[in-house]
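This chain uses plain numbering: 1 for the first residue, then up along the sequence.
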Amino acid sequence: IATMSEEHRLRVFEKSTAKSLANEKKASVSTATAECEVLRAEVKTIERELLVLQNSRKSVVAAMREIEAKDRLIKDMDRMLKAVQGRMEKARAAAEVSKVTAAVANAADEKRKSLLMSASATESALPVY
């Protein structure tokens, strides 16, 4: 009877140990599952952040292209402005030449009139024969 009792105690101990190990495994699986869920949530968060960064990058690239286009436009406008300024300088110089030419023509005309008057006065002062 003592041996039975010992065998019974041994079986009870084995069952208890098996239950304990099974409970520990369940707890371990539950913990691992919970950790896995946390990691999945972190992965989703990282994926969303990555998507936001990719969209931001696209926006930055588009802005850079727009800036480059505006820079080219500014350079073109600067070249056009310089060309217009060059033409304006030529027009000013031509106007200045025209003024000088007109002044010389006026002076020549005045001189001619003066000479004509002088010649006319001299002619009338000559004795008539």
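- Within the model, atoms CZ of Arg57 and CE of Met64 stand 9.5 Å from one another, a figure rounded to the nearest 0.5 Å.
- Remark: the backbone N or O of Glu110 is not paired with any side-chain donor or acceptor of Ser114 at under 3.5 angstrom.
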- request: May I have the step-by-step check of side chain to side chain contact (heavy atoms under 4.5 Å, CB included) for Val38 and Glu35, ending in yes or no?
  value: CA-CA 5 Å; Val38 167; Glu35 287 174 356; 5.6 Å; no

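- To the nearest 0.5 Å, the span separating OG on Ser56 from CD on Gln54 amounts to 10.0 Å.
- To the nearest 0.5 Å, atom CG of residue Asp78 and atom CG of residue Leu73 are 11.0 Å apart.
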message: With side chain to side chain contact (heavy atoms under 4.5 Å, CB included) as the criterion, how do Arg48 and Thr45 come out once you've worked through the C-alpha distance, each side chain's angles and the decisive distance to 0.1 Å?
response: CA-CA 5 Å; Arg48 281 192 298 271; Thr45 301; 3.5 Å; yes

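- In terms of modelled atom types and a separation under 3.5 Å, the side chain of Ser16 and the main chain of Val12 share no donor-acceptor contact.
- No donor-acceptor pair under 3.5 Å is formed between the side chain of Ser28 and the backbone N or O of Glu24.
- In this structure, Asp109 pairs ionically with Arg112, as a charged nitrogen and a carboxylate oxygen lie closer than 4.0 Å.
- Within the model, atoms NZ of Lys26 and NZ of Lys19 stand 9.5 Å from one another, a figure rounded to the nearest 0.5 Å.
- Electrostatic pairing of Lys75 and Asp71 counts as a salt bridge here, judged by a charged N lying under 4.0 Å from a carboxylate O.
- Arg40 contributes atom CZ, which lies 8.5 Å from atom OG1 of Thr33 (distance to the nearest 0.5 angstrom).
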Would you tabulate the side-chain donor-acceptor contacts of residues 81-90 under 3.5 Å, counting partners in other chains and residues two or more places apart, or write 'none'?
unit_1, atom_1, unit_2, atom_2, d
Glu89, OE2, Arg92, NH1, 2.5

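- With salt bridges taken as basic N to acidic carboxylate O contacts below 4.0 Å, none links Arg11 and Glu14.
- Rounding to the nearest 0.5 Å gives a distance of 9.5 Å between CG of Leu50 and CD1 of Ile46.
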